[in-house]
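Protein chains get the first letters and strands the later ones, always in sequence-line order, with residue 1 at the start of each. Side chains are part of it too, since the values below use all heavy atoms of this structure and drop only hydrogens, waters and symmetry mates. Just so it is clear, the model here is predicted, and its values are computed rather than measured.
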Amino acid sequence: MKQLLTLRVNGITHELSIDPWRTLNEVLRDELNLTGTKLGCGSGDCGACTVLVDGRSVSSCLTLAASVDGKEIATVEGLAPSGEQLHPVQESFVENGAIQCGFCTAGMEMSAVYLLGRNNAPDEEQIRAGLSGNLCRCTGYNQIVEAVAAAAEKMKPS
Amino acid sequence: MRTDSRFIGRPSHRQDARAIVTGRAEFIDDLKLRGMLYARVLRSPFAHARVVAVDTEKAEAVPGVKAVLTHKNVPDWKAGTPFHIRVLDSKVRFVGDGVALAAAESERAAEEALEAVHVEYEPLEAVFDVDEALAGDAPQLYEAFPGNVVPGGFPLYGPDCLTGIRLGDVEQGFREADAVGEGTYKYETVANPLPLEPPGVIAHWEGPDRLTIWAATQSASWHRFVMLPSLGFPDIRAIATQCGGSFGSKNYSLMPCFYAAALARAAGRPVKMCFSKEEQFGAYTLRPGSRFKGRIGIRKDGTVTAVSGSWLFDTGACSDIPQAQVAVGCGELQLMLRCANWDLTGTIVLTNRPPSGVVRGFGGQELESALLPALFEALEKAAIDPVDFFRKNYVKPGDAYLWRNGKPYVDRGVDYSEALERGAETFGWHRKWKGWLVPTRVDGQTRIGVGVSVHGNADVGEDVSEAHVRLTPDGRAVVHACVSESGSGQRSSLCRMAPEGRQLPLDRVGVSPPDTLVNPFEFGLVGSRGTWAVGGAVISAAEKARAALLARAAPLLGAGEEELDTTDGRVYVRGRSDRGLSWSRVMGIVRTCSGSARYEEDFTVPNFLALFVEVEVDTGTGKAAVREVLAATDVGRIIDPQALEGQLRGCFGAAGLDTALFEETVLDRTTGRILNGNMIDYKWRTFRDLPGFRNVILETPMPTHRFGAVGVGEISTSPGPSAVLMAVSNALGVRMTGYPLTPQRILEAL
Ligand code: FES
Ligand code: FES
């Protein structure tokens, strides 16, 4: 039996009819073509699939779509909706060379956005702790930590 | 900073950076073709078994299923060196070996189909250890490889391909030695490079003899030129998608290609085969195992007098291209150990564990990590500082070495002594080194120790690259080179190298898509060849395109070609920028000016990297941790500082330095199952565990191309394991001999 649900993704409302066992990751990627959110492990271990649900970061691979019916979802595609002006976190990732293969990037950015939403001036320790659910295999992490610190600086209320 | 360039050595952002941070970059699993099916694989629960019966009737009836294949109806394709790997076989040789394939409208339907496949196995005795595999009564993996030994010699490297090193007179060498290190040492963590993105391909037969493959890969062309003979020479077009990390493992994706192509042929529709994380852990590419049994003799002055022994190279359940890894490993060892007398034999051994394949460090990291502990013993006996030893023994300009093809080459590169010395100074080596097996400092139950190791490779100029550069009237340049992007920023680096002759702004230079149909031949981003070999072809092609443009402009400007120059889409008489014409005036709008070039391999400029490591060991818990790493190298010229920094910082994970401490594929030696095949149990560095990292990068111009640069991608991790082993030994005051240096091992040693 398919289930009807309403997802608000990056501010747009979608009415969907889906199998109840489908994950939020599958629905975003397969139904809504929002492939910026990646699938790395499918078991909640790598953070590549991180999105925000009502402002909280979750692993979309472990979240059933049905369980977020009616909620507000934010994905990497929503960070710079026009495609012109990048979000400060995106800008800092580019400027600090925090990207190598780029497969972890979307999840890292969403975790960073979540972190900076709660703490607008994190120190290095707090950045590391805030991103510790996200794995990266390429960078050795330093450039990502620097990027998040730089983003915090950019986002400081003037 | 030399000033002949606007872009080289200066930071600028990768061209694909925007696509990546906005989530628009297309990775393999983001691609959807019309009518595309999804593939899954049924895998063996046994490490070694005969498949006596397999029934797919129920599977075929599952709704949405379009093809089910077993060893009885797969195409008779073969791969491996020599050919022995089949799409599916009537025998399985590791836990996770393929038994049946299904393609369906959804992954779920494909999985359901496979659950309905009935298989009967006849379990066979299995072998997991190289010495046991070589024993006379060992179970045999392949009829074609008696004794579980795969013949050495990689055909592409020619008839004299190195299978070991035999030179001089080792007996005499050992007589001259003052100290000998000796023993059996294992580097058998068979770690998993495990890029974050699991491997995947899409296969689509456009006609009975025309196959298109999309692949997550660092080397698109391997999916064409390596797969061609395997598949009976269809016309293969290979297209690389954005690749979510490779570290060698996705150089080409043999089994995913076999599975997808076979299913696509059977179903008559495109098929996507993306491995799960679990499959990436247990059925894709592990680092080879490496065991050295032998002796190394040195004199008190640090001269190496003899190296002899046996190098057992554990390739797991099949042989992809281990012969090439053995050959390159033997070449690399000679770069760091100048020695006149050698008797080293490499033997490739099959065992019933998931297969090994291409992983960065390619033979060299395996050989050195296993052999250097023997050298360290000799150095300890002779009380020689390892920095002095490496400085003395690292290959110098004018020195000869045998490379992978068995031919001698003379080093015409640079002397790396300065890079090593500057690295040692910056690290504080001379202050921290207290002698062999002496800790730098003891602080209660915390003991600090330091270690160093070096690695080099003459692969920076290996293999063939072709490139084509096209200048267009609107003042742009297009580089046609079949180069994919797996994280090193290589496509963007080429854009920096190409426009130098014509001084175009970077945003006016583009690279063609990594597609074998539209590009000239490119061997791929293997080794550290991107900078010199690929860059060399692109630079020469760009120079030719520029010459064609100037030749057209000369009569129009009433000047000789040699008097002309071009900047920002304008050609002008040098020194008279008022006497000039735009490219569109020179070319008209229905013409392009282009040039093609080919790079031929050159093994005479080795690169070098030293890693200095400081560790701390808690003698209470046995836990060892890296406190600081310093990388010292000379790259000739920095093309892209951020990309280089990133590459060097990436030395820890992905089956690199961390294999010394915790990165390990743990195998149950009775069942052949992997015990830690998930991202929690497979130990992996996270944000919480970041050692200090510094680097010292010299820029001594190299005799390579216009920019005198070489790459270091392949070697950035390779000295790591042995350096950590040395550091932990010194911290503990106990000579450690095996990896990984787990708390248990350390407590036992204490
Ligand atoms: S894909 Fe969800 S945590 Fe890895
Ligand atoms: S950049 Fe490749 S995994 Fe992070």
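- With a 4.5 angstrom heavy-atom cutoff, B:A216 does not touch chain A via any of its atoms.
- Contact of B:Q242 with chain A is made through the side chain alone, with heavy-atom distances under 4.5 Å.
- Between B:R649 and A:N142 the shortest heavy-atom distance is NH1-CG, 2.9 Å.
- From A:Q143, atom CD reaches atom CD of B:E645 across 5.5 Å, with rounding to the nearest 0.5 Å.
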> For B:E107 and A:E26, what are the C-alpha separation, side-chain angles and deciding distance, and is it a side-chain contact (heavy atoms from CB on, under 4.5 Å)?
Replying inline: CA-CA 11 Å; B:E107 287 201 3; A:E26 288 173 309; over 6 Å; no
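- With a 4.5 Å cut-off on non-hydrogen atoms, B:L648 does not touch chain A at all.
- Rounded to the nearest 0.5 angstrom, B:K32 NZ and A:T35 OG1 are separated by 9.0 Å.
- Distance SG/A:C46 to CE/B:M679: 5.0 Å, rounded to 0.5 Å.
- Atom CZ of B:R694 has more than 12 heavy atoms from other residues, nucleotides or ligands within 6.0 Å.
- Within residues 123-141 of chain A, the residues that have a heavy atom under 4.5 Å from a heavy atom of chain B are A:R128, A:A129, A:L131, A:S132, A:N134, A:L135, A:C136, A:R137, A:C138, A:T139, A:G140, A:Y141, listed by number.
- Between B:P198 and A:G40, the shortest heavy-atom distance links the atoms CG-O, 3.5 Å.
- Against chain B, the residues from residues 93-121 of chain A that qualify, each with a non-hydrogen atom under 4.5 angstrom away, are A:F93, A:V94, A:E95, A:N96, A:G97, A:I99, A:Q100, A:C101, A:G102, A:F103, A:C104, A:T105, A:M108, A:E109 in number order.
- In this structure, CH2 on B:W684 lies 9.5 Å from CG on A:D45, to the nearest 0.5 angstrom.
- Among the candidates B:G489, B:P691, B:P193, B:G656, the residue making the largest number of heavy-atom pairs closer than 4.5 Å to chain A is B:P193.
- For the set B:E278, B:E26, B:Q280, B:R14, the count of heavy-atom pairs under 4.5 angstrom toward chain A peaks at B:R14.
- The greatest number of non-hydrogen atom pairs below 4.5 Å with chain A, out of B:D689, B:L194, B:D16, is found for B:L194.
- Nearest heavy-atom pair, B:T22 versus A:V76, reported as atom, atom and distance to 0.1 Å: C-CG2, 4.0 Å.
- When the candidates B:A17, B:S246, B:G646 are compared by the number of heavy-atom contacts under 4.5 Å with chain A, B:G646 comes out ahead.
- Between chain A and the residues B:G653, B:G245, B:G23, B:A654, the most heavy-atom pairs under 4.5 angstrom are made by B:A654.
- At a 4.5 Å heavy-atom cutoff, the contact between B:R688 and chain A is made by backbone and side-chain atoms alike.
- Neither the backbone nor the side chain of B:E485 comes within contact range of chain A; no heavy atom of the residue lies under 4.5 Å from a heavy atom of that chain.
- Between B:H13 atom NE2 and A:E91 atom CD the span is 10.0 Å, to the nearest 0.5 Å.
- Looking at B:S488, there are no atoms closer than 4.5 Å to chain A (heavy atoms on both sides), in backbone or side chain.
- Chain A forms the most heavy-atom pairs under 4.5 Å with one residue out of B:F247, B:F652, B:F693, and that residue is B:F247.
- Contact annotation for B:Y682: only side-chain heavy atoms (C-beta onward) come within less than 4.5 Å of a heavy atom of chain A.
- A salt bridge links A:R29 to B:D30: one of the charged nitrogens lies within less than 4.0 Å of a carboxylate oxygen.
- Judged by distance alone, the side chain of A:K38 and the main-chain N or O of B:G244 form no donor-acceptor pair under 3.5 Å.
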